[in-house]
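So that the names make sense, note that chain A is the first sequence line, chain B the second, and so on, each numbered from 1.
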Amino acid sequence: MEFQAADDRNHPILLTPGKMNGNFRYLDHTADAKFQAFGRTLEEAFSNAALATASLMWDVESVEKRTQRKVQVRGRDLEQLLLHFLEEVIYAFETESFHLAAVEGTKIEEDEDGAYRLEAFFLGDDRPSGYPLHGEVKAITYNEMKIQRNDPITVQVVVDI
Amino acid sequence: MEIRKMSEFIWEIPKHGNMRVPAVLYASAKLLESVKRDMTLEQAKNVACLPGIQRMSYVMPDAHQGYGFPIGGVAAFDLEEGIISPGGVGYDINCGVRLLRTDFTEEDITAKRKELLAEIFKEVPAGVGKGGITKLSRDVLMDILTRGAEWAVENGYGSREDLLMTEEGGRMKDADPRFVSHRALERGIPQLGTLGAGNHFLEIQKVSDIYDPVVARAFGIDAVGQILVMIHCGSRGLGHQVASDYIEKMENAFGTKGLPDRELIYAPIRSSLGEQYYQSMCAAVNYAFANRQMIAHWVRNVFAKVTGSSRGMRQVYDVCHNVAKLETHPIDGQMRQVCIHRKGATRSFGPGHPEIPEIYRAYGQPVIIPGSMGTASYILVGTEEAEALSFSSTAHGAGRVMSRHEALRRFRGEQIRDELQKKGIELQSTSWKGVAEEAAAAYKDVDEVVRVSHEVGIGRLVARVVPVGVMKG
């Protein structure tokens, strides 16, 4: 099975009514952070989840799109694929000060063995200072993780902060 | 789920379903209510189902929902039939607390408080992404992972005496950094010597109450008004990555079928994967010990610079509250080595235990319980009763009751700063949003948590301290 590639849109539209921050919204979680991200395609929902993760640490909208990083991850199932993809946001930031601003060209494909591959481009800025940080994401977790393939496609993630 | 009241502060979930042992919670009726609002007890029950668990699945008074194991969970596993679980330690491996005493009184530093804090803020890199001071090579990092705080002391950060006043002497000997992934190392390199964000903090505190003057004096706490320094942080991205890596490796090896919670994944302690996780976790523990050792050293330097002296700034103790260890405990009348998981729980060895520094051995191990930002913290002492009650463990902090999201809706960081200032507490932070998220009202009442610990007898009250200066990551 091959998913339809996401559009090359820089400014995703609001897909779900209600109180939202762009294409994702935060939900209450006692100790950590929980969010839902939405998309018309799985690619869009995953990309918005990456922006939701980054938005826990800095103001995504204020970050200049100076550099581009190619991201490639694999997952035994969609949950693991999502976890690995979101971990890239933390990894790029902690090791190279890369502040994510946007995700483009996300493609998800299923292998012959039933595993998944994801490719995307992170746009952002890797200058170490200049963006105020308001939090830290320690790890992406499987806790309450949900990938719902309805309309819009919704992914729910709890991250350890 | 049946919760049986055993006494005013002891609640038991009797063995049922797949539980191999009962679960027990130490809490007041008030704390029990907040515990019941989330999945804490369900998670304690899941832990009670794991192979090789000994005696009980214990839950400390500050417990709340975690991943896999609850935060505030204590469980010991048999070394032959038992398991080890990254979810039983947590993502922030060796998150812990270090306490320094000083010869200063409140009067000595009131005028210099602001300057001290500003200087500490400059010297100790806080917040996320700021990066550590030392640019590390991979070889040096491997050395740190092997030798922990010993490495720091040998490289000029603090003294040998600090090591004696640290759990495990600041080094877990079973560490093997070869099992730590390249990715974890990469995350560890820029962050050594940093506090991190979230609930981590560094506080200048004053003693507000002394409950047990004899033990307090033994710990170096002599009088009300005395100044102390508390450092609360962990193994940063390196530890987080070790946890993530081994959750995944164990999933790949054993699958997640039948697990009530994907993060409850475990490996037999005697399997090669179980041993590799243990050795990697020990390496992350060592990173955190080195981290706190370096930060404590910089704090002493700042005191020396600003006040002209860092005399008397002796380390009271350093405890880890997210860890798995091999310890010997009496089980069914025999002394047996077990793998004990303390996730959001502090070791509390009683008097006479050989692991306690000699100068404290007659009294028990110092237990350091940090409150939430800007509230009281406590110094307790381990007890003999704790052995039978909780494998010598007690609480680790306040425990959240309100989501960060909710806290952001209700509080503003600047407002919290102003309120703290009115109470005579200076605050430095990189982020007002971060301050609002850590508002005291978002946490359980730490006074209630330590009262339960004291009443049950798993850790007894020695002294209470309140902040005069707070640096929040």
Side-chain angles (χ1 to χ4, degrees), chain A residues 19 21 25-35 52 54-59 73-77 79-81 83-84 86-88 90-99 115 125-146 158-161, chain B residues 34 37-39 64-68 71 87 90-92 127-131 183 186-191 196-200 234 236-241 243-244 247-248 251-252 256 261-263 265 399-406 408-409 413 430-437 442 473:
Chain A
K19 195 181 166 201
N21 185 357
R25 69 171 170 199
Y26 296 106
L27 304 165
D28 274 334
H29 189 283
T30 315
D32 289 306
K34 178 169 163 180
F35 60 78
S55 298
L56 289 165
M57 297 184 275
W58 55 83
D59 176 14
V73 293
R74 297 170 65 87
R76 206 152 37 85
D77 48 35
E79 283 78 12
Q80 198 183 59
L81 187 76
L83 183 112
H84 286 170
L86 300 184
E87 279 178 344
E88 288 299 316
I90 310 174
Y91 176 74
F93 169 62
E94 284 190 9
T95 58
E96 288 171 36
S97 304
F98 181 88
H99 299 71
D125 193 346
D126 57 7
R127 287 174 299 178
S129 55
Y131 301 107
L133 297 163
H134 50 249
E136 174 179 57
V137 178
K138 290 177 183 167
I140 313 297
T141 78
Y142 287 118
N143 194 258
E144 297 183 61
M145 185 187 274
K146 279 181 199 144
V158 173
V159 303
D160 193 27
I161 59 178
Chain B
S34 80
R37 277 199 290 270
D38 65 21
M39 298 285 286
H64 60 86
Q65 179 180 333
Y67 309 113
I71 314 281
Y91 285 100
D92 198 0
V128 284
K130 284 274 167 69
R183 213 175 156 90
E186 279 182 288
R187 286 177 73 177
I189 284 175
Q191 292 186 327
N199 62 349
H200 294 152
R236 315 288 288 108
L238 183 136
H240 312 157
Q241 188 66 43
S244 297
I247 286 171
E248 172 146 345
E251 257 197 43
N252 292 342
T256 53
D261 184 340
R262 209 158 162 172
E263 266 117 3
I265 190 84
R400 282 195 87 93
V401 286
M402 187 191 293
S403 71
R404 289 177 164 88
H405 195 51
E406 175 71 18
L408 279 180
R409 270 200 295 269
T430 49
S431 157
W432 293 126
K433 190 171 167 231
V435 168
E437 287 180 349

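In this structure, chain A has heavy atoms under 4.5 Å from both the backbone and the side chain of Arg183(B). For a residue to count as touching a neighbouring chain, one of its non-hydrogen atoms must lie under 4.5 Å from one of that chain's; by this rule Glu87(A) touches chain B with backbone and side chain alike.
Rounding to the nearest 0.5 Å places NZ of Lys433(B) at 9.0 Å from CG of Asp59(A). With values rounded to the nearest 0.5 angstrom, His84(A) atom NE2 is found 8.5 Å from Ser244(B) atom OG. A distance of 9.5 Å separates CD in Glu144(A) from CG in Asp261(B), rounded to the nearest 0.5 Å. Atoms CD and OG1, on Gln191(B) and Thr95(A) in that order, are 9.5 Å from each other to the nearest 0.5 Å. Atom OH of Tyr67(B) is separated from atom OG1 of Thr141(A) by 4.5 Å, given to the nearest 0.5 angstrom. The CD atom of Gln80(A) lies 11.5 Å from the CD1 atom of Ile247(B); values are rounded to the nearest 0.5 Å.
The greatest number of non-hydrogen atom pairs below 4.5 Å with chain B, out of Glu79(A), Glu88(A), His99(A), is found for Glu88(A). Here Arg262(B) is the residue among Glu437(B), Arg262(B), Gln65(B) with the most heavy-atom pairs under 4.5 Å with chain A. Taking Asp92(B), Thr256(B), Ile71(B) one by one and counting their heavy-atom pairs under 4.5 Å with chain A, the maximum is reached by Asp92(B).
Closest non-hydrogen pair, Leu133(A) versus Ser431(B), comes out as O-CB, 3.2 Å.
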Problem set entry | Steps toward side-chain contact (heavy atoms from CB on, under 4.5 Å) verdict (Glu136(A), Arg236(B)) | CA-CA 10 Å; Glu136(A) 174 179 57; Arg236(B) 315 288 288 108; 2.6 Å; yes
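For the 3.5 Å distance criterion, the side chains of Glu186(B) and Tyr91(A) qualify, holding a donor opposite an acceptor.
Side-chain contact between Arg187(B) and Ile90(A) is present, with at least one heavy-atom pair separated by less than 4.5 Å.
Salt-bridge annotation for Glu406(B) and Lys34(A): absent, with no side-chain N of the basic residue lying under 4.0 Å from a carboxylate O of the acidic one. Electrostatic pairing of Arg76(A) and Glu248(B) does not count as a salt bridge here, judged by no charged N lying under 4.0 Å from a carboxylate O.
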